[in-house]
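To start, I am sharing the structure in question, which I have written as structure tokens.
Because only heavy atoms are used, hydrogens play no part in the values below, and waters and symmetry mates are left out as well, while side chains stay in.
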There are 2 protein chains.
Amino acid sequence: MYQIYNMGTKESIINIADDLIRGQGFNAFSFKDISNTIGIKTASIHYHFPTKSDLGVAILKKHIEQFEALKLSVASKSPMVKLERFLSIYSKMKSEGKICLIGSLISDLNTIDENIKTELGVLTKKLLAWITEILEEGKRKAIFHFKVAPRAKALMILTNIVAIVQLSRLTNDDDFTIVKNTIIKELKP
Amino acid sequence: MYQIYNMGTKESIINIADDLIRGQGFNAFSFKDISNTIGIKTASIHYHFPTKSDLGVAILKKHIEQFEALKLSVASKSPMVKLERFLSIYSKMKSEGKICLIGSLISDLNTIDENIKTELGVLTKKLLAWITEILEEGKRKAIFHFKVAPRAKALMILTNIVAIVQLSRLTNDDDFTIVKNTIIKELKP
DNA sequence: GTCTATATATAGATAGAC
DNA sequence: GTCTATCTATATATAGAC
């Protein structure tokens with residue numbers, strides 16, 4: 001309830017750091033990078049986030065909130081629409097030359113603070129559970145067809161999209177679209 | 001042909017740095033980490049590898065050589081054996097708590113030296129081409145069954161395994177086995 | 001809330017002795 | 001080939017003025 005006004009700087013820091021993590025990685029970005037972009041001294045960033053880990057946790061909490069909002073916004077839609085909405089987030093990401101937060105932080109898992117790790121676990125499990133739900137609903141309604149357990153299929157799809165948004169930068173940008181389309185195609189009879 | 005003897009230190013540096021990259025990430029590991037493990041001063045490491053990037057390139061060339069050797073060693077085997085041999089590398093990796101070199105470096109793509117990037121591209125494309133060949137051969141011999149193009153299917157499998165060896169550290173270690181088994185299962189009729 | 005100034009640590013890298 | 005010593009740069013973080 002407090003701090004309703006003047007939230008601009010704090011949010012700006014979160015958004016810029018988010019972009020930096022998903023563009024350079026957590027260990028490669030620095031407070032100076034934020035400083036250069038936003039026009040604020042590094043010491044001032046520490047006023048909003050005492051440590052780099054605190055900033056990391058804040059970014060994850062933002063993503064968790066955004067995920068919950070997305071989930072809610074398509075709750076009444078068909079499983080196919082839900083799945084396509086999920087995949088479209090990665091299409092946007094790809095077009096912006098970024099990778100996803102989970103994919104960026106997971107490779108640094110052994111070097112990040114325990115608090116970041118915890119929130120990353122929360123986000124990843126929520127996302128996986130949601131994809132599992134979408135697949136279950138789609139199977140029940142005979143929209144999706146697959147042989148394995150819904151959670152196993154959700155793991156397949158999540159790993160496909162998290163990795164291809166990164167790998168396609170090296171193999172071929174079109175590979176992103178190929179994988180995205182194949183995910184959909186393999187769910188059809 | 002030169003330097004056949006006394007290669008111990010240089011190879012040790014490569015092997016330890018390899019482990020460090022696949023455990024902590026390229027930007028998180030330092031020459032001091034190697035120094036602590038191998039018992040050699042950081043300045044001495046620079047004698048063998050002038051820059052950190054030179055070391056990175058050497059590690060990638062080692063992986064490319066090892067890949068070529070693996071490919072050759074199973075050339076006469078059935079497609080299923082080849083695929084299982086490929087997947088078993090990731091099983092070993094998983095049991096050692098490591099991730100793969102491609103998966104580790106790809107998330108740092110925007111921060112690594114151009115020379116490393118080039119070699120990473122070589123390794124990734126070679127691996128992808130090999131998986132594609134295996135799938136083509138398997139399809140021709142009616143051992144594997146899949147609807148999409150072999151290269152598209154290879155992208156699906158590669159992204160599955162590269163990402164699950166990382167993600168399963170957060171979701172559930174058993175998820176690695178689930179994905180590995182699902183890859184095989186989905187290739188059967 | 002942002003600044004200047006500074007503390008402290010660590011990074012990659014080089015020079016030159018042995 | 002490895003060492004000591006050092007350079008330069010940059011990192012996260014803190015103290016205290018404004």
Worksheet item: Centre of A:F49's six-membered ring, under 6.0 Å away, within 45 degrees of the axis: is that where NZ or CZ of A:K10 sits?
Response: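 Verdict for A:F49: a cation-pi partner in A:K10.
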Worksheet item: Is any NZ, NE, NH1 or NH2 atom of the basic residue among A:R151 and B:D175 found under 4.0 Å from an Asp or Glu carboxylate oxygen of the other?
Response: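 Salt bridge between A:R151 and B:D175, a charged N being under 4.0 Å from a carboxylate O: yes.
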Practice prompt. Check whether NZ of the Lys or CZ of the Arg B:K139 lies under 6.0 Å from the centre of the six-membered ring of B:F146 and within 45 degrees of that ring's axis.
Written response: yes
Discussion item. Looking at A:E186 and B:K153, is there a salt bridge between them, counting it only when a charged N and a carboxylate O are closer than 4.0 Å?
Written reply: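 Salt bridge present between B:K153 and A:E186.
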Discussion item. Rounding to an integer number of Å, can you tell me how far A:D54 CG sits from D:dT12 P?
Written reply: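 Computing the A:D54:CG to D:dT12:P distance gives 13 Å.
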Worksheet item: If only side-chain N and O atoms of B:Y47 are considered, is one of them under 4.0 Å from the OP1 or OP2 phosphate oxygen of D:dT2?
Response: no
Worksheet entry | salt_bridge(B:R22, B:E96) N-O dist < 4.0 Å | no
Practice prompt. Return the value, rounded to whole Å, for the distance between atom NZ of B:K41 and atom C1' of C:dA17.
Written response: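 After rounding, the reported distance stands at 16 Å.
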Worksheet item: In whole angstrom, what separates B:I45's CD1 from D:dC3's C1'?
Response: 13 Å
Worksheet entry | Separation of atom CD1 in A:I34 from atom P in D:dA11, rounded to whole Å | 11 Å
Worksheet item: Ion pair present between A:E11 and A:K62, side-chain N to carboxylate O less than 4.0 angstrom?
Response: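 Looking at A:E11 and A:K62, the cut-off is not met.
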Practice prompt. Would you indicate, yes or no, if D:dG1 has its OP1 or OP2 atom less than 4.0 angstrom from a side-chain nitrogen or oxygen of B:T9?
Written response: no
Any N/O pairs under 3.5 Å between the protein and nucleotides 11-13 of chain C? List them or say none.
from	atom 1	to	atom 2	distance (Å)
C:dA11	OP1	B:S30	OG	3.0
C:dG12	OP1	B:K52	NZ	3.1
C:dG12	OP2	B:F31	N	3.0
C:dA13	OP2	B:K52	N	2.7
C:dA13	N7	B:H46	NE2	3.3

Worksheet entry | Side-chain N or O of B:S44 closer than 4.0 Å to phosphate OP1/OP2 of D:dG1 |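 For D:dG1, neither OP1 nor OP2 has a side-chain N or O of B:S44 closer than 4.0 Å.
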